Amino acid sequence: MNKDIFLSNSLGGKKEKFVPIDSKKIGMYVCGPTVYDDPHIGNARPLVVFDLLFKVLKCKYGSKSVTYVRNITDIDDKIIKSSKEKNISISELTLNITKKFHEDCKYLNCEIPTHEPKATDNIEPMINMIKELIKGKFAYENNKHIYFKVKNFSDYGKLSNKNLDDLIAGSRVELSGNKDSPEDFVLWKPSNDDEPSWSSPWGKGRPGWHLECSVMSKKYLGNTFDIHGGGRDLIFPHHENEIAQSVCANKTKKFANYWVHNNFITISKEKMAKSQGNILKISDYKKKYNGQVLRLALMSTHYSQPLDWNDKLMDECNRTLDKWYNCFVPVNKKILIDDNDLKPLYDDLNTPGFIAVLHKLFDKAKDGTLEDKEIFSTACKFIGLLDQSKDKWDSFKKQNLKLSENDILKKIEERNKARDKKDYELADKIRNELLDKGILIEDKDGKTIWKIK
RNA sequence: GGUAACGUGGCGGAAUGGUUACGCAGAGGAUUGCAAAUCCUUGUAUCCCGGUUCGAUUCCGGGCGUUACCUCCA
């Protein structure tokens, strides 16, 4: 469609019209997981948000014009710590968590990004970037550590609205004897024998956090690209440091043009975080809910707002999808979604606005023609919903059933006999028994049907 | 302390300088042995105080409240 895409840009803090550097080669880099622990639903939010942005960009510019890069950080102090705690090797841990992460992505019905580079496959270019930074006097070595010299980058703090004086005044920055200044951050550090290491001009060691994203975005998207995404908590210091490294090493004016940050999932209004101990794992939902339910729940609030989590939300989304599946038809032909219907998504990924559109299309489809149903189904599919057959949706629900189908049918027959004798007391008793087991009875057009509640 | 974001009906949640989505729950009705499901109808809101304006929930200033970031975090 010809309408413009708008995005809230954290750099500047305003909603802006999206103008790509090259509309045939659009680049989006999103910070992926550090693979040290099971993914939780807070991690799920950016997966869904940027999957949607990927879809919207492809819709406007063509599927071949958009490159989506999402990294896997598989070397980090948290990983080292976690592997020691779990008493397994680092590679066993990172491979295992990466596998779980991919399963969760699939469960959430997220498309596979164009590239998914790993940090450990990119140590050489990281070392090269450090060399460039040292050459440009943006980094210095001290006692086998390499640090980025923040004072030499005048734009530092622009993304996060911080100035150096405040940072130092806050003085929560880690003090280290090796640093020239407390705000400096590490690019390379030496490893002990029991820690992973790579040889470098500064001895055996490993990269600091932040560097992998600067290097891998450069590798696939170039020195300056269109969109950089991630959770709000990455703005400082992670993204601020990425900008500093990339701009100084690549000698450019800009790193990413648009910075898009999703807000948090909260529980009782408090941020869900591992350190808070209030996380809900994605895998916790796999048995009870189809992945689409979680996906819809994550889209029920605009990405820039906090999303307060509760079970009522999941149940509501489950019911909505159940209702929507009544109008689902497989679509084999190409159907264009009306520009006006698509508009909320183009306007800064307004998912609640688009969900309202889906409700309208559903109302029309429900008593409408096959074409109305096809339009509705296509619109759902566009945001990754109703992407599997109704049979599959139903069979998922059946897997949690405590009664066999045969038992249910027997009970229904028993109840119908009672009804014929006008023994409504017994009939209602049987109905309530089934209801307790999650089976809902409906007498419709002279027939009795059952559903899973 | 510094820097931001947010405050919309019973709940969730968009949008908007004037006509005020959408979902859930509620109420009434159709239907039903009674229900359920479905359908129809329907009520209810913009934290407080100033300012700008013919008009502000929307813009500006102040206040109150909530949250986040400044340390690992999506």
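Below, read A as the first sequence line, B as the second, and so on, with proteins coming before strands; counting in each chain starts at 1. When reading the values below, keep in mind they use all heavy atoms of this one structure, side chains included, and skip hydrogens, waters and symmetry mates. Not measured: the values here are computed from a predicted model.
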Report the base-pairing partner of [N] (Watson-Crick or G-U wobble, both distances below 3.5 angstrom), or none.
N     : answer
B/U3  : B/A68
B/G23 : B/C11
B/A45 : none
B/G17 : none
B/U53 : none
B/G33 : none

Query raised in the report: Is the ring centre of A/Phe264 under 5.5 Å from the base ring centre of B/A74, and are the two planes under 30° apart, so that they stack?
Result: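 No, aromatic ring not over the base.
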Does any donor-acceptor pair link the side chain of [X] with the base of [N] at a separation under 3.5 Å?
X        : N     : answer
A/Arg319 : B/G12 : no
A/Asp76  : B/C72 : no
A/Arg431 : B/C34 : yes
A/Asp428 : B/G33 : yes

Requested in this report: Keeping to residues at least two apart or across chains, list the salt bridge (Lys or Arg N to Asp or Glu O under 4.0 Å) pairs with something in residues 227-240 of chain A.
Outcome: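 Found A/Asp233-A/Lys271.
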Please give the distance between the [atom1] atoms of [N] and [M] as a whole number of Å.
N     : M     : atom1 : answer
B/C47 : B/C11 : P     : 13 Å
B/A4  : B/U8  : P     : 23 Å
B/G26 : B/G9  : C1'   : 12 Å
B/G43 : B/G29 : C1'   : 15 Å
B/A30 : B/A37 : C1'   : 14 Å
B/C60 : B/U42 : C1'   : 39 Å
B/C49 : B/U57 : C1'   : 15 Å
B/C69 : B/G50 : P     : 36 Å

What nucleic acid atoms does [X] come within less than 4.0 Å of, heavy atoms only: base, sugar-phosphate, or nothing?
X        : value
A/Ile441 : base
A/Gly42  : base
A/Lys366 : sugar-phosphate
A/Ile449 : nothing
A/Asp443 : base
A/Asp367 : nothing
A/Asn350 : sugar-phosphate
A/His302 : sugar-phosphate
A/Thr301 : sugar-phosphate

[X] side chain N/O closer than 4.0 Å to the phosphate oxygens (OP1, OP2) of [N]?
X        : N     : result
A/Lys274 : B/A74 : yes
A/Lys271 : B/C69 : yes
A/Ser300 : B/G13 : no
A/Lys81  : B/C72 : no
A/Asn161 : B/U3  : no

Report task. Applying salt bridge (charged side-chain N to carboxylate O under 4.0 Å, His left out) between A/Arg415 and each of A/Asp428, A/Asp420, A/Asp423, A/Asp443, report the one that passes. Result ->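 One option only clears the test, and that one is A/Asp443.
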Picking from [options], which would you name as closest to the side chain of [X]?
X        : options             : result
A/Pro352 : B/A74, B/C34, B/A14 : B/A14
A/Ser275 : B/C72, B/A14, B/G33 : B/C72
A/Lys78  : B/C24, B/A74, B/C72 : B/C72
A/Ala356 : B/C70, B/C72, B/A21 : B/A21
A/Thr320 : B/A74, B/C6, B/G23  : B/G23

Query - Earlier contact from the 5' end, RNA chain B, for A/Gly32 and A/Leu440 - result: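 Nearer the 5' end of the strand: A/Leu440.
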Report task. Name the residue closer to the 5' end of RNA chain B, choosing between A/Ala427 and A/Pro33 according to the nucleotide with the nearest heavy atom. Result ->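 Here A/Ala427 is the residue nearer the 5' end.
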Report task. Kindly indicate whether a cation-pi arrangement holds for A/Lys78 with A/Tyr36, taking the cut-offs as under 6.0 Å to the six-membered ring centre and within 45° of the axis. Result ->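 Judged by the rule (NZ or CZ under 6.0 Å from the ring centre, within 45° of its axis), A/Lys78 counts as positioned above A/Tyr36.
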Query raised in the report: Regarding A/Lys162 and the six-membered ring of A/Phe236, is the cationic atom NZ or CZ under 6.0 Å from the ring centre and inside 45° of its axis?
Result: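 A/Lys162 over A/Phe236 ring: yes.
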Query raised in the report: Salt bridge between A/Asp348 and A/Lys15, side-chain N to carboxylate O under 4.0 Å?
Result: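 No.
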Query - Pairing of A/Asp38 and A/Lys100 as salt bridge, 4.0 angstrom limit - result: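 Looking at A/Asp38 and A/Lys100, the cut-off is met.
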Query raised in the report: Is the number of heavy atoms from other residues, nucleotides or ligands within 6.0 Å of CG (A/Asp194) greater than 12?
Result: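 Check passes, neighbour count above 12.
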Query raised in the report: Nearest-Å distance, CG (A/Leu426) to P (B/C34)?
Result: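 Interatomic distance, CG of A/Leu426 to P of B/C34: 18 Å.
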Requested in this report: List in chain and number order the residues that pass side-chain hydrogen bond (donor to acceptor under 3.5 Å, both in side chains) with A/Glu85, two or more places apart in sequence or in another chain; answer none if no residue qualifies.
Outcome: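 For A/Glu85 there are no side-chain hydrogen bond (donor to acceptor under 3.5 Å, both in side chains) partners, ignoring immediate neighbours.
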